[in-house]
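Below is one structure, written out as C-alpha cells; the observations come after it.
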There are 2 protein chains.
Amino acid sequence: MSLQTFSIGELAKSFGITPRSIRFYEEQHLLVPERKGQTRVYYGKDKVRLKLILRGKRLGFSLAEISTLFELYDTNPNSAAQLETMLQLTKTKRAVLEQQFNDIQMLMNELDDVESRCEEELNDIKRGVA
Amino acid sequence: MSLQTFSIGELAKSFGITPRSIRFYEEQHLLVPERKGQTRVYYGKDKVRLKLILRGKRLGFSLAEISTLFELYDTNPNSAAQLETMLQLTKTKRAVLEQQFNDIQMLMNELDDVESRCEEELNDIKRGVA
DNA sequence: AGTCAAGTTAACGTAAACGTAAGCTTGGCT
DNA sequence: AGCCAAGCTTACGTTTACGTTAACTTGACT
C-alpha cells in the first residue's frame, strides 16, 4: 500500500483555492510538505491540515491563530502549564463561537422574515395585485 | 420626551470600540449621524445601526457587504428585480451561515474532547499519577 | 529538438479596517 | 484669561492574506 501523493495543483483544485495560497500557508508554517527535488509533494495528512486551515478561516480565525492552535495540538500536551494554557484558549474560543452561534440564529430568523415578505410581494406582483 | 443623544466617545465606549472606527464606518456610509456644528450627534437609531454593524462583523461580513445589506433593507423593496436580488443574496448568505453553523458544531465537539482530556491529565498530575 | 503545461523562487502590488500622529477648534472649568 | 479634555479633519502607516508579474526549471509529449 503505497501512500497516495498530490501535487500542489491537484490540492489547490480539490479545495477550490490557488497554489499561491497553499505556498503562503507553508510560508506561515501551517504546512510542511515533503519535496521531490524542489517540487512539493503532499500526502493525506497534508489534506487534513489544509481542511482544518480552511475551516478555521471560515470561522474567522487568523492564520496566526490557526498556527498557534496547531502548535498546541502538535506538541503533546504534557506539562501542566501547557494544559492550563490550552484550557484557557479553548474557553475563550468557545465564548466567541457561542456568540457567533447566537448571531447566526438571529440573522437566520431575520432572513426568514425578509424572505417570506419578499415572496409574498412577488406573488402579489405576479397576480397583478400591485 | 426629548430623544436621548450620544457623543462619539460615549458610543465608542459603550460598544468597546474606538471613535476612529465609528468615523470610519461613517466614511463607508454605514452611519450618517446628525451634526451640531461640526460635532457628530448620535441617536438611538444610530446605536441600532452600530449594533448591526458589529454583529455583521462578528459573522465575517465585510463592511462593504454590510453596506449593501443596509441599502437593500433601507430602500423599500418594491421592484420585482430588487426582490429577486434580495432573495438571491439571502440564499447565498444562508448557505454560508449554515456552513459556519456546522463548522462551529464540529469545533465545539473537538473542544469538548480536548478539554476533557486536558482535565483528566491535570487530575492525574495533581494526584501524582504522572 | 522543440514546446508546453505545471512546477519553482523572488519580489512587488493590493484591498480592508482601522491605528496613529499632527495640527486646529471649542465648550467648560477654575 | 488660561487650560484641558474631547471633538474635528487630513493624511500617512500597518497588518493580513493573498494576487500578480517576471524569470527560470523540468518532465512529458510529438
Side-chain angles (χ1 to χ4, degrees), chain A residues 4-43 46-47 49-71 93 96 99-100 103, chain B residues 4-43 46-47 49-71 93 96 99-100 103:
Chain A
Q4 193 183 357
T5 66
F6 310 90
S7 73
I8 193 172
E10 291 168 339
L11 218 61
K13 196 157 71 172
S14 84
F15 280 101
I17 59 181
T18 67
R20 169 66 173 133
S21 297
I22 297 182
R23 293 199 192 93
F24 183 74
Y25 299 152
E26 180 176 346
E27 231 177 280
Q28 307 299 309
H29 313 107
L30 295 179
L31 291 173
V32 190
E34 292 185 12
R35 299 270 182 150
K36 186 184 140 198
Q38 76 170 353
T39 301
R40 284 168 247 263
V41 177
Y42 300 90
Y43 293 87
D46 298 308
K47 278 188 124 173
R49 281 286 243 218
L50 192 43
K51 195 162 82 181
L52 289 175
I53 293 172
L54 297 181
R55 196 166 81 194
K57 287 201 54 183
R58 281 197 303 272
L59 289 169
F61 289 74
S62 74
L63 295 185
E65 286 175 314
I66 296 174
S67 170
T68 61
L69 285 177
F70 277 175
E71 282 178 35
K93 284 307 166 187
V96 173
Q99 173 69 281
Q100 284 192 6
D103 287 339
Chain B
Q4 193 184 358
T5 68
F6 310 90
S7 74
I8 193 171
E10 291 167 341
L11 218 61
K13 197 156 71 171
S14 83
F15 280 101
I17 60 181
T18 67
R20 169 65 172 132
S21 297
I22 298 181
R23 293 198 191 95
F24 183 73
Y25 299 152
E26 180 177 346
E27 230 177 280
Q28 307 300 308
H29 312 107
L30 295 178
L31 292 172
V32 190
E34 290 185 13
R35 300 269 182 150
K36 186 183 140 198
Q38 76 171 352
T39 301
R40 286 171 246 270
V41 176
Y42 300 91
Y43 293 87
D46 298 309
K47 276 188 127 174
R49 280 287 242 217
L50 192 43
K51 195 163 80 180
L52 289 175
I53 293 173
L54 297 181
R55 196 167 81 194
K57 286 202 55 183
R58 281 198 303 272
L59 289 170
F61 290 74
S62 73
L63 295 185
E65 286 176 315
I66 296 173
S67 170
T68 61
L69 285 176
F70 278 175
E71 281 178 34
K93 283 307 168 190
V96 173
Q99 172 70 283
Q100 283 192 8
D103 288 339

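Within every chain, numbering begins at 1; the chains are lettered A, B, ... in the order of the sequence lines, protein sequences first and strands thereafter.
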Rounded to whole Å, how long is the line connecting atom CD of Glu26(A) with atom C1' of dT9(C)? 12 Å

Please state how far atom CZ in Phe24(A) lies from atom P in dA11(C), giving the value in whole angstrom units. 16 Å

Salt bridge (charged side-chain N to carboxylate O under 4.0 Å, His left out) against Lys57(A), all qualifying residues, sequence neighbours excluded: none

Using whole Å, report how far CD of Glu34(A) lies from P of dG7(C). 18 Å

Quick one: list whatever passes side-chain hydrogen bond (donor to acceptor under 3.5 Å, both in side chains) with Arg20(B), sequence neighbours left out. none

Of all heavy-atom pairs between Leu59(A) and Gln100(A), which one has the smallest distance, and what is that distance? O-NE2, 3.3 Å

Check Ile53(B) against Ile66(B) and note the closest heavy-atom contact, atom names and distance. O-CD1, 3.5 Å

Show me the donor-acceptor pairs, under 3.5 Å and distance only, between side chains in residues 27-37 of chain A and residues at least two apart or in other chains.
unit_1   : atom_1 : unit_2   : atom_2 : d
Glu34(A) : OE1    : Tyr43(A) : OH     : 3.3
Arg35(A) : NH1    : Gln38(A) : O      : 2.9
Arg35(A) : NH2    : Glu26(A) : OE2    : 3.2

Who are the side-chain hydrogen bond (donor to acceptor under 3.5 Å, both in side chains) partners of Thr18(A), not counting sequence neighbours? Ser21(A)

What pair of heavy atoms forms the shortest contact from Lys47(B) to Phe15(B), and how long is it? O-CZ, 3.6 Å

In this structure, how many angstroms lie between the P atom of dA17(C) and the CD atom of Glu27(B), rounded? 12 Å

Measure across Arg40(A) and Tyr42(A) and return the closest heavy-atom pair with its distance rounded to 0.1 Å. CD-OH, 3.0 Å

Report the distance from atom CG of Leu50(B) to atom P of dC18(C), rounded to the nearest whole Å. 11 Å

Give me the atom names and distance for the closest heavy-atom approach of Leu54(B) to Tyr25(B). CD2-OH, 4.2 Å

So if I take every side-chain heavy atom of Ile8(A) and compare against dA17(C), dT9(C), dG7(C), which nucleotide ends up nearest? dG7(C)

Does Arg23(A) reach a base, just sugar-phosphate, or nothing at all? Heavy atoms under 4.0 Å. base

Heavy atoms from C-beta onward define the side chain here; which of dC18(C), dG19(C), dT8(C) lies closest to that of Thr18(B)? dG19(C)

5'-most to 3'-most nt of DNA chain D touching chain A (<4.0 Å, heavy-atom partner on protein side) reads dA17(D) to dT20(D)

Please tabulate, one pair per line, each protein N/O and nucleotide N/O from nucleotides 20-28 of chain C that are separated by under 3.5 Å, including the distance.
unit_1  : atom_1 : unit_2   : atom_2 : d
dT20(C) : O4     : Arg20(B) : NE     : 3.4

